[in-house]
Amino acid sequence: MQSLILTTTTRLLAALLLMFSVYALLRGHNLPGGGFIGGLIGATAFILYTIATSVDEAQAALRVDPSNLAMAGLGVAALGGIGAGFAGDPFFTGQWLFLFRDGDSYVPLSTVLVFDIGVYMAVFGGILTLVFALEQEI
Amino acid sequence: MSWLLVYPILIPLLTAVLSYLFRNSPAGRWISVAGTVALLLASVVLMSEVLEQGVVAAQMSNWQAPFGITLVADLLGAVMVVITAITGLATVIYSLSEIPERLERLGFHALLQTLLMGVCGAFVTGDLFNLYVWFEVMLISSFGLLVLGASREQLDGGIKYVLLNLVSTIMFLAGTGLLYGLTGTLNMADLHLAVREVENTGLLTTIAVIFMVAFGVKAALFPLFFWLPASYHTPPVAVSAIFAGLLTKVGVYALIRMFTLVFDHDVAFTHTILLWAAVVTMVTGVLGAAAMNDFRRILSFHIISQIGYMVLGLALYTPLGLMGAVFYLVHHIIVKANLFFVAGVAKRIGGSTDLSRLGGLYAHAPVLAFLFLIPAFSLAGFPPLSGFWAKYVVVKAALDLEMWFVAGVSLAVGLLTIFSMTKIWGSAFWPAHPDGIKPRLSDLPMGDRMALMLPIVALAALTCIIGLFPESFVLFAERAATQLLDPTDYVTTVLGVQP
């Protein structure tokens with residue numbers, strides 16, 4: 001069933017959801033948010049798009065196979081753990097880099113973020129793999 | 001040094017990712033082979049480190065025990081990782097010929113590597129909840145492997161498999177929760193100390209029995225083994241071989257670990273249950289095998305009967321008994337995976353695994369017949385193969401405790417094992433093929449023959465080596481058993497304090 005209201009709002013909402021998912025991802029670690037919930041929000045954008053249009057169009061918009069994305073996410077998460085090795089620490093020890101330090105303000109970068117990005121990709125890809133498969137069945 | 005313990009988990013993980021991304025090209029399967037070779041190398045390095053230094057431990061993320069996740073390897077853990085890598089490599093090479101491209105495109109190699117990761121993780125973890133997570137990883141990936149391709153028969157076996165294993169997982173989780181409530185820790189070394197402070201030993205024994213049931217399902221102990229013969233004969237042979245070799249053994253390993261390190265407060269009660277469960281498991285397994293008429297089904301039931309011997313070694317709870325259990329674990333993984341591989345080749349050239357539809361293997365494929373005899377005799381406990389020493393040690397341990405009945409039963413089960421092996425021999429190898437097929441190995445293309453026979457020859461050689469030069473292996477098993485019975489080294493290495 002095609003609904004004009006849904007397709008029109010989806011254009012807006014999907015973009016908003018994707019943006020918000022990145023915000024949730026970056027906000028994570030010390031505050032509520034992180035890779036898992038970010039990935040879920042991001043997946044919602046594409047699920048909405050799938051419902052409004054079709055699996056094929058959503059797949060075309062995503063460009064890559066979501067299951068590849070999920071597996072790559074697993075690899076990225078592992079890389080986040082491997083990073084600790086270069087500093088001589090045990091696996092998964094968080095490594096931090098504080099950029100642009102100016103008084104109290106700085107940009108913290110860490111291997112924890114790399115791990116979270118991996119989780120984001122794994123959740124995002126995993127959920128979409130499921131949804132695409134289910135939608136195609138119907 | 002702490003990274004040595006991470007590699008057995010990390011290497012299969014990265015291999016799984018890469019082989020999945022390249023699943024549509026031949027590169028995927030070669031990545032899988034290369035990754036498993038790397039895993040074998042890493043496990044050998046870990047083994048040599050453990051042999052030199054004693055127990056090694058690593059604290060993940062630098063969170064000190066008992067708060068973070070600890071990875072730890074003692075001799076038992078390290079040898080299990082090595083044997084996992086060996087079996088994994090054999091399976092990957094075998095699957096080069098057996099697994100069709102269709103299954104590879106669905107992610108066969110990624111699932112196989114994830115399974116290896118779960119198994120290795122279970123062997124090196126020093127944290128009970130982490131062990132639970134690895135069990136989940138194993139369950140999910142093995143379910144995936146079991147139903148990959150989704151034939152009706154596979155789904156039927158897969159549902160039984162996953163349902164009964166989920167029950168076990170829930171028991172495991174419930175037991176973990178109760179144990180945490182009672183002691184406030186889940187680090188296994190810390191648990192070793194904490195359970196000594198517990199006054200409510202009745203509750204502790206109850207928890208011990210919950211764990212016994214949970215791991216008993218995994219290990220296919222009587223009366224919890226029904227899922228195994230219902231599912232192991234349905235997937236591709238490479239998959240049943242690695243399942244038969246490794247999966248139940250993880251359950252046995254968990255039993256050995258928990259019932260030496262944590263639940264040793266009431267040995268008279270808990271280990272007596274284990275003893276009788278082991279005896280009944282041996283008998284039912286071998287009787288079930290005698291009643292079956294399918295190559296792989298007979299072998300599946302034999303897994304159950306052999307699990308009995310390992311648990312018997314644990315239940316006797318003497319240095320000799322545990323030594324037998326360790327020896328048996330290693331021996332059985334090699335032999336059982338090998339027998340499944342042979343069954344796969346028989347199916348490939350003879351067209352079936354049903355014994356009434358097989359024949360002529362001795363006349364037309366004598367090499368295969370010879371390679372079947374080695375693991376078959378080893379399984380039954382013929383000298384001078386590895387199975388003889390494994391059985392000898394366990395039976396000797398029972399005799400030392402003057403348990404005549406138990407020792408007698410385990411000898412009788414050995415005899416019955418021979419009976420069902422002769423049954424396979426008598427219908428698959430000896431008579432002519434009922435359909436007049438001449439099952440020749442030379443009919444297989446060269447590449448296929450190499451990929452199928454190489455793992456079989458290598459594993460058969462391994463069981464011969466263990467059988468002919470048992471001293472160093474026996475000494476090793478003895479050291480591993482000593483470590484299990486006196487975990488001081490384990491506890492001090494993990495916690496960094498004297499118990």
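Each chain gets a letter, A, B and so on, in the order the sequences are listed, and its residues count up from 1.
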Rounding to 0.5 Å, atoms CZ (F92(A)) and CD1 (I69(B)) come to a distance of 9.0 Å
For I82(A), is it the side chain, the backbone, both or neither that has a heavy atom under 4.5 Å from a heavy atom of chain B? both
Check this for me: [X], atom [atom1], are more than 12 non-hydrogen atoms of other residues, nucleotides or ligands nearer than 6.0 Å?
X: F98(A); atom1: CZ; value: yes
X: R27(A); atom1: CZ; value: yes
X: F143(B); atom1: CZ; value: yes
X: L99(A); atom1: CG; value: yes

For [X] and [Y], work out which heavy atoms get closest and say how close.
X: D89(A); Y: W3(B); value: O-NE1, 2.9 Å
X: S61(B); Y: P90(A); value: N-CB, 4.4 Å
X: L14(B); Y: A78(A); value: CD2-CB, 4.0 Å

Please list, in residue-number order, every residue in residues 110-123 of chain A that has a heavy atom less than 4.5 Å from any heavy atom of chain B; write 'none' if there are none. none
Just give me the residue among S67(A), G75(A), A72(A) that pairs up with chain B most often, heavy atom to heavy atom, under 4.5 Å. S67(A)
Strictly less than 4.5 Å between heavy atoms, which residues of residues 16-40 of chain B line up against chain A? Please order them by number. A16(B), V17(B), Y20(B), L21(B), R23(B)
